[in-house]
Protein chains: 2
Amino acid sequence: MSGSAPQDTAATKKTTRSNRSKETQRVRLSQKAIVAAAADLFARNGFGATSLDDIAYQLGATKGALYYHIKNKEDILRHIYLMVLTASEEPLAEIARSNAPADEKLSRAIAHHVSVAASRSPAMMVFYREHPHLSGPFAREIVERKKVYERYFEQIIEEGQAAGVFSPTIDAKIAAFGLLGMCNWLSQWYQSSGPYTHQQIAAMFAQMVEGGLAPTPSPSPAKAGDGS
Amino acid sequence: MSGSAPQDTAATKKTTRSNRSKETQRVRLSQKAIVAAAADLFARNGFGATSLDDIAYQLGATKGALYYHIKNKEDILRHIYLMVLTASEEPLAEIARSNAPADEKLSRAIAHHVSVAASRSPAMMVFYREHPHLSGPFAREIVERKKVYERYFEQIIEEGQAAGVFSPTIDAKIAAFGLLGMCNWLSQWYQSSGPYTHQQIAAMFAQMVEGGLAPTPSPSPAKAGDGS
DNA sequence: GCACAATTTGAACAACTGGTAGAAACATAC
DNA sequence: GTATGTTTCTACCAGTTGTTCAAATTGTGC
């Protein structure tokens, strides 16, 4: 009955067990490092399937040490959400506030969102995947802020429809959701080593969506090619 | 003092563990019912965070009974993947095989994919989320079939570019990924009780994307509504 | 060297995990 | 009724989970 101490409890997942007996140096942990490593593992294996042992192992530390820097497992997840939100919200709000024409606003919003999705892709994947594991008032706050973020896109589209640069036959909310899906999905397949930079991808997405929303292609939307 | 309060950090955990001693009637299980219930729970809480007890509980049965119908937990996941693939692959292949013009092919492909994403949304969410939990040759098979599926969209777009109905300035693979992201994302927000049917949404998506890809100013306007 | 705070360890814990075995309940045919 | 095969239940196993905590280790100023 007396449980035999699991001496060799290595991180039993996919990673091979190589006890860092060589470098006996203790590792300097930090909240940032923990959150970054956790985002990576959560994105790869899911929150529920990632253990604190896994996270500690990837940092070369032990599970107990994590608790000096974080409150609990859900706390790590909270930090990932805050990281994504602080990187996303303010730049978009500024774009929306500017008085550029709607189509240019939309291009810039797409570029911004694609940039976040590309550069923070593990955290981004976690963001849109693991909210069921958040609890309490924080969970509600996230839902609210996400809605506000989405509504910026919707408003830009509505603005363009009112100004006559976007077709009014498509519901702005559906268009915004479609556009966001397009961008968010990128965190599933984008690799910085691929043939296109995220700026190029954003430009293609913008061309795709804006051309489709434009009612009058007569002026010169496809061949204009000059910065306003 | 080992007064460690086992806090319920789980947010969306179902009701507390109350063995259904009230209704002692036994439940008729089936592989289909198990897979359906599991898809629902996996979509909501993730594969790793869903226990066999959870699945059994939602079916009003016990864990042991599941094993008469399924081999193990991963086997359930395999069935979910097969369900999505069998619903997706053949209709799309037929659309691609047809000799309709490329823009109509694309409209139909979008309608098909949106239909699958809308009607099988829990399974769809699982499909694009839990492949790390598949192992062995089946995992590789899924990756391969997914690639084939995506390539259909890419080919339709290339076809349209060659025929001059789609702009050649956008990389076909990127356009296909963007389009698929748009459709796949729908399983995250679509509710059949919403203001639009999935057919209407598919029509809007088609209008968005095809208009954007079209080089000529006059796309045929009212064109929607495809069967099945 | 010493004192004192910051940090990490390693073991312990209770709860829960996927999976198994055998007994029990059921259905159907005779 | 008995016999037989199908389906579900209960109880259990061995291992893993998140979390706590005293003790050990490290860093820093003197």
Side-chain angles (χ1 to χ4, degrees), chain A residues 1-15 17 19-21 23-34 38 41-42 45-57 59-78 133 135, chain B residues 1-11 13-14 16-17 19-34 37-38 41-42 45-78 133 135:
Chain A
M1 296 291 235
S2 59
S4 60
Q7 236 173 339
D8 261 41
T9 54
T12 54
K13 278 300 152 65
K14 316 80 191 122
T15 47
R17 70 171 70 214
N19 277 347
R20 68 210 143 56
S21 47
E23 355 188 357
T24 326
Q25 57 181 2
R26 288 160 82 132
V27 196
R28 210 88 223 281
L29 284 180
S30 71
Q31 202 178 77
K32 266 189 105 142
I34 293 172
L41 290 170
F42 290 168
N45 305 328
F47 178 83
T50 302
S51 70
L52 292 174
D53 277 317
D54 294 336
I55 299 170
Y57 179 82
L59 291 164
T62 57
K63 187 169 52 169
L66 300 181
Y67 277 85
Y68 184 80
H69 303 272
I70 52 117
K71 231 182 84 216
N72 51 35
K73 195 186 177 187
E74 191 182 334
D75 190 42
I76 302 178
L77 192 57
R78 270 194 289 268
H133 295 104
S135 65
Chain B
M1 221 180 278
S2 62
S4 62
Q7 291 206 98
D8 242 13
T9 52
K13 226 51 170 194
K14 68 279 149 185
T16 50
R17 87 204 38 265
N19 280 346
R20 75 214 141 28
S21 44
K22 264 295 173 51
E23 2 187 354
T24 327
Q25 58 181 0
R26 287 161 81 128
V27 197
R28 209 93 226 282
L29 283 181
S30 71
Q31 201 178 78
K32 266 188 106 141
I34 293 172
L41 290 170
F42 291 168
N45 304 328
F47 178 83
T50 303
S51 72
L52 292 173
D53 278 317
D54 293 336
I55 300 170
Y57 179 81
Q58 223 206 7
L59 291 164
T62 57
K63 184 171 56 171
L66 299 181
Y67 277 86
Y68 185 81
H69 302 273
I70 52 116
K71 230 181 85 217
N72 50 37
K73 196 187 178 187
E74 192 181 333
D75 191 42
I76 302 178
L77 193 56
R78 271 194 288 269
H133 296 104
S135 64

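In the text below, chain A, chain B and the rest are named by the order of the sequence lines, each starting its count at 1. Treat the numbers as computed from the prediction; the structure is a model and nothing was measured. Worth knowing before you read on, the calculation uses all heavy atoms, side chains too, and leaves out hydrogens, waters and symmetry mates.
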J.: Calculate the interatomic distance between D53(A) atom CG and dA11(C) atom C1'; express it in whole Å.
T.: 13 Å

J.: Given atom CG of L59(A) and atom C1' of dT7(C), what is their separation to the nearest angstrom?
T.: 15 Å

J.: Using whole Å, what does the distance between atom P of nucleotide dA6(C) and atom CD of Q31(A) come to?
T.: 16 Å

J.: Which residue in the set L41(B), L59(B), N45(B) passes side chain to side chain contact (heavy atoms under 4.5 Å, CB included) when paired with D54(B)?
T.: L41(B)

J.: When you check the phosphate oxygens OP1 and OP2 of dT8(D), does a side-chain N or O of Y68(B) lie under 4.0 Å from one of them?
T.: no

J.: So, do H69(A) and D75(A) sit near enough that their side-chain heavy atoms are less than 4.5 Å apart?
T.: no

J.: Do the side-chain N or O atoms of H69(A) get closer than 4.0 angstrom to the phosphate oxygens (OP1, OP2) of dT8(C)?
T.: yes

J.: Testing the basics here: between N72(A) and Y67(A), what is the closest heavy-atom pair and its distance to 0.1 Å?
T.: CA-CE2, 4.0 Å

J.: Could you tell me how far apart I70(B) (CD1) and dT20(C) (P) are, to the nearest whole angstrom?
T.: 10 Å

J.: Nearest whole angstrom, please: distance from the P of dG10(C) to the CG of L52(A).
T.: 17 Å

J.: Within the structure shown, what part of the strands sits under 4.0 Å from S30(A) by heavy-atom distance: base, sugar-phosphate, or nothing?
T.: nothing

J.: With a 4.0 Å cutoff (strictly under), does any side-chain N or O of T62(B) reach OP1 or OP2 of dC9(D)?
T.: yes

J.: Is the distance from OP1 or OP2 of dC16(C) to the nearest side-chain N or O of S51(B) less than 4.0 Å?
T.: no

J.: Could you please name the option among dT8(D), dT17(D), dC9(D) that lies closest to any side-chain atom of A61(B)?
T.: dC9(D)

J.: With a 4.5 Å cut-off on side-chain heavy atoms, are L77(B) and F47(B) touching?
T.: yes

J.: Checking only heavy atoms, does the side chain of K63(A) share a donor-acceptor pair with the base of dG10(C) at less than 3.5 Å?
T.: no

J.: Less than 3.5 Å between a donor and an acceptor, one on the side chain of K73(B) and one on the base of dG19(C), is that the case here?
T.: no

J.: Any idea which heavy atoms bring H133(A) and A49(B) closest together, and the distance?
T.: NE2-CB, 3.4 Å

J.: Return whichever of G48(A) or A65(A) has its heavy-atom-nearest nucleotide of DNA chain D closer to the 5' end.
T.: G48(A)

J.: Within this structure, what is the OH-to-P distance between Y57(B) and dC16(C), rounded to whole angstrom?
T.: 14 Å

J.: CD1 of I55(A) versus P of dT19(D): gap in Å, rounded?
T.: 10 Å

J.: Using whole Å, what does the distance between atom P of nucleotide dT17(C) and atom OH of Y67(B) come to?
T.: 12 Å

